[in-house]
**Student:** 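One structure is given below, represented as structure tokens, and several questions about it will come after.
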Amino acid sequence: MEVLYGLHPVEEALRAGKRRFDHVLVARERRDERVERLVAACRAAGVPVRTEAREQLTTVAQTPAHQGVVALVRPQEFLDIEDLYAPDASKTSGTGAGGARLVLALDGVEDPQNLGALLRVADGAGVDGVVLTERRSAPLSAVAVKASAGAGEHLRIARVVNLVRALEELKRQNLWIVGLDERGACDYDQFDLTGDVVLVLGREGAGLHDLVRRTCDHLLRIPMAGGVSSLNVAAAGAVVLYEAARQRRSGARAIGAGRAASKPGKQKGLGS
């Protein structure tokens with residue numbers, strides 16, 4: 001069993017219906033409308049609820065930041081890369097079901113807070129799926145789920161052994177691989193992100209691995225006006241993913257890059 005803690009993560013896991021709950025613990029000291037609604041939702045779903053002292057919840061969650069709610073659940077099941085080939089049919093806005101696909105791939109993001117923040121942004125921006133690596137990356141732990149405010153429960157997440165191989169498979173499905181790198185040749189807001197795109201973000205500090213960088217069809221940069229050369233990976237991901245969402249909502253065409261699908265016979269990365 002895994003532990004989830006915090007009101008939002010437990011609420012969203014319950015609402016998503018993807019996890020099997022064993023039981024939910026509620027702090028005896030907390031009595032308010034939000035907790036009462038959660039308890040009612042648990043009972044409606046047939047999930048047992050137990051009342052315990054706050055100290056007991058802290059022991060189970062191994063942190064006092066549980067907000068008086070802790071759940072014991074089955075681990076989240078990850079998808080295969082093939083499950084991300086098609087758009088997410090559950091999306092009703094943003095990129096939209098049946099529209100161009102937008103996938104987020106993380107190349108070794110190791111901080112669970114960054115992972116959680118990126119999952120929250122991905123859900124908000126209408127991403128169709130997320131690709132994580134099995135090694136040298138943060139697990140989808142209770143810390144990451146808490147940082148995502150439960151958004152990870154609503155995302156299609158695939159975990160792969162070899163990211164480069166997964167990116168090559170996505171290329172063969174006519175998705176363009178676009179990496180974010182401070183040495184990129186094009187500013188992120190000057191690139192057309194309305195087509196079928198995989199956005200690849202690198203690890204904290206070091207960025208993309210060399211082989212992953214060489215696998216990308218395009219490298220984009222975020223121009224920096226201050227003294228530092230780059231943003232935190234979660235902040236950078238938010239900037240670019242919401243630019244993609246903006247372009248897709250408005251149908252805007254980016255200046256200078258051209259639509260990726262406009263020259264399929266001559267462009268790199270479409271498996272042609």
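Positions are given from 1, in the same order as the sequence printed here.
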**Student:** Ignoring hydrogens and angles, tell me if any N or O in the side chain of H209 forms a donor-acceptor pair with the backbone of L211 under 3.5 Å.
**Tutor:**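 Such a contact is absent between H209 side chain and L211 backbone.
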
**Student:** Do R30 and D32 sit within salt-bridge range, that is, some charged N less than 4.0 Å from a carboxylate O?
**Tutor:** yes

**Student:** Does the pair E153/K18 count as a salt bridge with the N-to-O cut at 4.0 Å?
**Tutor:**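 Answer for the salt bridge query: no.
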
**Student:** Show, in sequence, the C-alpha distance, side-chain angles and deciding distance for S137 and V109, and conclude whether the side-chain contact (heavy atoms from CB on, under 4.5 Å) test is met.
**Tutor:** CA-CA 5 Å; S137 66; V109 172; 5.8 Å; no

**Student:** Does the side chain of R156 reach to within under 4.5 Å of the side chain of V130, using non-hydrogen atoms?
**Tutor:**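 They are not in side-chain contact.
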
**Student:** Could you tell me if the side chain of R34 sits less than 4.5 Å from the side chain of L7, heavy atoms only?
**Tutor:** yes

**Student:** Counting distance only, does the side-chain N/O of D22 pair as donor-acceptor with the main-chain N or O of L72 below 3.5 Å?
**Tutor:**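 No, D22 side chain to L72 backbone: no donor-acceptor pair under 3.5 Å.
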
**Student:** Find out whether L106 and L115 are in side-chain contact, i.e. whether some heavy atom of one side chain is under 4.5 Å from a heavy atom of the other.
**Tutor:**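 Side-chain contact under 4.5 Å: yes.
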
**Student:** Please examine the side chains of V233 and R203, heavy atoms only from C-beta on, and report whether any two atoms are closer than 4.5 Å.
**Tutor:**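 Of all side-chain heavy-atom pairs linking V233 with R203, none is under 4.5 Å.
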
**Student:** What about L231 and L119, same hydrophobic cluster or not, with Ile/Leu/Val/Met/Phe/Trp/Tyr joined at side-chain heavy-atom distances under 4.5 Å?
**Tutor:**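 Yes, L231 connects to L119 through the hydrophobic network.
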
**Student:** CG of D192 to NE2 of H218: how many Å apart, nearest 0.5 Å?
**Tutor:** 10.0 Å

**Student:** Take a 6.0 Å sphere around CD of Q62 and say whether it holds more than 12 heavy atoms from other residues, nucleotides or ligands.
**Tutor:**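 No - once you tally the heavy atoms of other residues, nucleotides and ligands closer than 6.0 Å, there are 12 at most.
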
**Student:** Under 3.5 Å, is there a donor-acceptor pair linking the side chains of E243 and Q247?
**Tutor:** yes

**Student:** With Y5, which of V10, V143, L57, V145 fulfils side chain to side chain contact (heavy atoms under 4.5 Å, CB included)?
**Tutor:**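 The option that passes is V143.
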
**Student:** Using a distance-only test with no angle check, is there a side-chain donor-acceptor pair under 3.5 angstrom linking H154 and D123?
**Tutor:**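 Checked: H154/D123 side chains show no N/O donor-acceptor pair below 3.5 Å.
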
**Student:** Within the 4.5 Å heavy-atom criterion, are E169 and E82 side-chain neighbours or not?
**Tutor:** yes

**Student:** Would you say L199 and V103 make side-chain contact, with heavy atoms under 4.5 Å?
**Tutor:**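 A side-chain contact is absent here, since even the closest heavy-atom pair is not under 4.5 Å.
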
**Student:** C42 versus L14: any side-chain heavy-atom pair under 4.5 Å?
**Tutor:**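 Yes, close enough: below the 4.5 Å cut-off.
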
**Student:** Measure the spacing between CG of L102 and CG of D88 and express it to the nearest 0.5 Å.
**Tutor:** 11.5 Å

**Student:** Give the cluster check for V3 versus V49: same hydrophobic cluster or not, with ILVMFWY residues linked at side-chain heavy-atom distances below 4.5 Å.
**Tutor:**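 No; tracing contacts between hydrophobic side chains, which count when under 4.5 Å, never links both residues.
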
**Student:** Does any pair with a residue in residues 135-148 pass salt bridge (Lys or Arg N to Asp or Glu O under 4.0 Å), and if so which ones, sequence neighbours excluded?
**Tutor:**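 Salt bridge (Lys or Arg N to Asp or Glu O under 4.0 Å) check on residues 135-148 returns no pairs.
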
**Student:** Got a salt bridge between R159 and D80, using NZ or NE/NH1/NH2 to carboxylate O under 4.0 Å?
**Tutor:** no

**Student:** For R19, is the CZ atom crowded, meaning more than 12 foreign heavy atoms sit under 6.0 Å from it?
**Tutor:** yes

**Student:** Can you list the residues that meet the side-chain contact (heavy atoms from CB on, under 4.5 Å) rule with D187, with sequence neighbours excluded?
**Tutor:** D189, Q190, R221, P223

**Student:** Supply the atom-to-atom distance Q76 CD to L155 CG, rounded to the nearest 0.5 angstrom.
**Tutor:** 8.5 Å

**Student:** To the closest 0.5 Å, what do you measure between CD (E134) and CG (N162)?
**Tutor:**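 Reported value, rounded in 0.5 Å steps: 10.5 Å.
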
**Student:** Short question: side chain of E29, backbone of R54 - any donor-acceptor pair under 3.5 Å?
**Tutor:**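 Checking the backbone N and O of R54 against the side chain of E29, a donor-acceptor pair under 3.5 Å is found.
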
**Student:** Identify whether the distance between the nearest side-chain nitrogen and carboxylate oxygen of R183 and D181 falls below 4.0 Å.
**Tutor:** yes

**Student:** Check step by step if side-chain contact (heavy atoms from CB on, under 4.5 Å) holds for V131 and V200.
**Tutor:** CA-CA 9 Å; V131 182; V200 189; over 6 Å; no

**Student:** Identify the residue among L180, L219, L201 that makes a side chain to side chain contact (heavy atoms under 4.5 Å, CB included) with L208.
**Tutor:** L219

**Student:** Check whether any side-chain heavy atom of V178 sits under 4.5 Å from a side-chain heavy atom of F191, and report yes or no.
**Tutor:**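 Touching, per the 4.5 Å side-chain cut-off.
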
**Student:** Atom OG1 of T51 and atom CG of L25: how far apart are they, to the nearest 0.5 Å?
**Tutor:** 9.0 Å

**Student:** Drop me the distance from L170's CG to R165's CZ, to the nearest 0.5 angstrom.
**Tutor:** 13.0 Å

**Student:** Does anything in residues 36-51 pair up under salt bridge (Lys or Arg N to Asp or Glu O under 4.0 Å), and if so which pairs, sequence neighbours excluded?
**Tutor:** R31-E36, E33-R37, R50-E52

**Student:** Output yes when R101 and D128 qualify as a salt bridge under the 4.0 Å nitrogen-oxygen rule, no when they do not.
**Tutor:** no

